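Below is one structure, written out as structure tokens, with a few remarks after it.
Please read all numbers here as calculations on a predicted model, not as lab measurements. Proteins get letters first, then strands, A, B, ... in listed order; numbering begins at 1 in each.
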Number of protein chains: 2
Amino acid sequence: MEMRRDIFQAIADPTRRAIIALIALQAMTPNAIAEHFDTSRQAVSKHLRILAECELVSQAHKGREIHYQLKIDKMKEIDQWLEQFRKIWEDRFDNLDQLLAKMQEK
Amino acid sequence: MEMRRDIFQAIADPTRRAIIALIALQAMTPNAIAEHFDTSRQAVSKHLRILAECELVSQAHKGREIHYQLKIDKMKEIDQWLEQFRKIWEDRFDNLDQLLAKMQEK
DNA sequence: TATAAGTGCAATTATCCGGTTTCGCAATTT
DNA sequence: AAATTGCGAAACCGGATAATTGCACTTATA
């Protein structure tokens, strides 16, 4: 029943996106994270589990606390997927640029 | 009716991501798109409906055919969301860069 | 040692999602 | 006019999801 998750599914949930942003700069415990949302600690824990399955977070155990932090490098996968589209919209921008240049010549 | 969808949910499904890539450069009909997948035309139609709800595709009616094309600009929304993380990983790269520079000084 | 705090896991439930099948409608072809 | 083609909508189904609740385990504190 361990479903194969990927990073795109991970960021589909708005709460998960908020968590990702929250722990991007500094590690946080599940309890501390849960305080930022209108949901239970267990629900946050589940989200963290999903993020961990996608290797999007790292865990640092300190006594009975567990500090979660975003593995920022993993986010580059989204960036890489976007690359194909970025090429297109940049090309179109260039074309528009050239068109404007031609119009100015006349 | 369901205004509950956003672009992140749209790209969560792998088939939808493939459709997006397929119609990024040129408009295609549902039938033509469906030929690229191991699924029915109706299923593709459902995906296109979801993409349309997110304003990710444009429709051009030609007789009884409907040509769908990706609204590439909408993809920039993902890019904008990534911006916050791009800053972080670029900063870390800079730090690493400076660290390497210092090490070479000695 | 007894209690409290921090956490993960299991069971439950209501909802959502993606697919198929069937159907109806409009545009084209014969 | 009749048959075909292209399409979306509705009904349905099995599996996935997200949230809650209850519990068990470990670590810290009284």
Side-chain N,O (N31(B)) to OP1/OP2 (dC7(D)) below 4.0 Å: yes
Distance test, side-chain N/O of T39(B) to OP1/OP2 of dT20(C), below 4.0 Å: yes
Spacing of F37(A) atom CZ relative to dA18(D) atom P, expressed in whole Å: 14 Å
Separation of atom CG in D13(A) from atom C1' in dC17(C), rounded to whole Å: 14 Å
Euclidean distance, atom CG of residue L51(B) to atom P of dC17(C) [Å, nearest integer]: 14 Å
D73(A) side, atom CG; E55(A) side, atom CD - distance, nearest 0.5 Å: 12.0 Å
For nucleotides 22-24 of chain D, give me every protein contact, N/O to N/O, under 3.5 Å, one pair per line with atom names.
residue, atom, partner, partner atom, Å
dG22(D), O6, Q42(A), NE2, 3.2

Pair H67(A)-Q69(A), side-chain donor/acceptor within less than 3.5 Å: no
Side-chain N,O (T29(B)) to OP1/OP2 (dG6(D)) below 4.0 Å: no
Presence of S40(A) side-chain N/O under 4.0 Å of dT21(D) phosphate oxygens OP1/OP2: no
Interatomic distance where CD1 belongs to I50(B) and C1' belongs to dG18(C) [whole Å]: 8 Å
Side-chain-base donor-acceptor pair under 3.5 Å for K46(A) and dG8(C): no
Interatomic distance, R49(B) CZ vs dC16(C) P [rounded to whole Å]: 14 Å
Interatomic spacing from CD1 in I33(A) to CZ in R41(A) - rounded to 0.5 Å: 11.5 Å
Distance in Å, D6(A) CG paired with E77(A) CD, rounded so as to fall on 0.5 Å steps: 8.5 Å
Distance, nearest 0.5 Å, that separates CG of L51(A) from CG of D13(A): 9.0 Å
Pairwise distance CZ(F37(A)) to CG(L22(A)) - rounded to 0.5 angstrom: 5.5 Å
Over 12 non-hydrogen atoms of neighbours within 6.0 angstrom of NZ in K87(A): no
Interatomic distance, E35(B) CD vs dC7(D) C1' [rounded to whole Å]: 15 Å
Short side-chain N/O contact to dG19(C) OP1/OP2 from H47(B), under 4.0 Å: yes
Strand contacts (DNA chain C) in residues 54-68 of chain B, 4.0 angstrom heavy-atom criterion: G63(B), R64(B)
Gap between atoms CD and C1', on E53(A) and dA16(D) respectively (whole Å): 13 Å
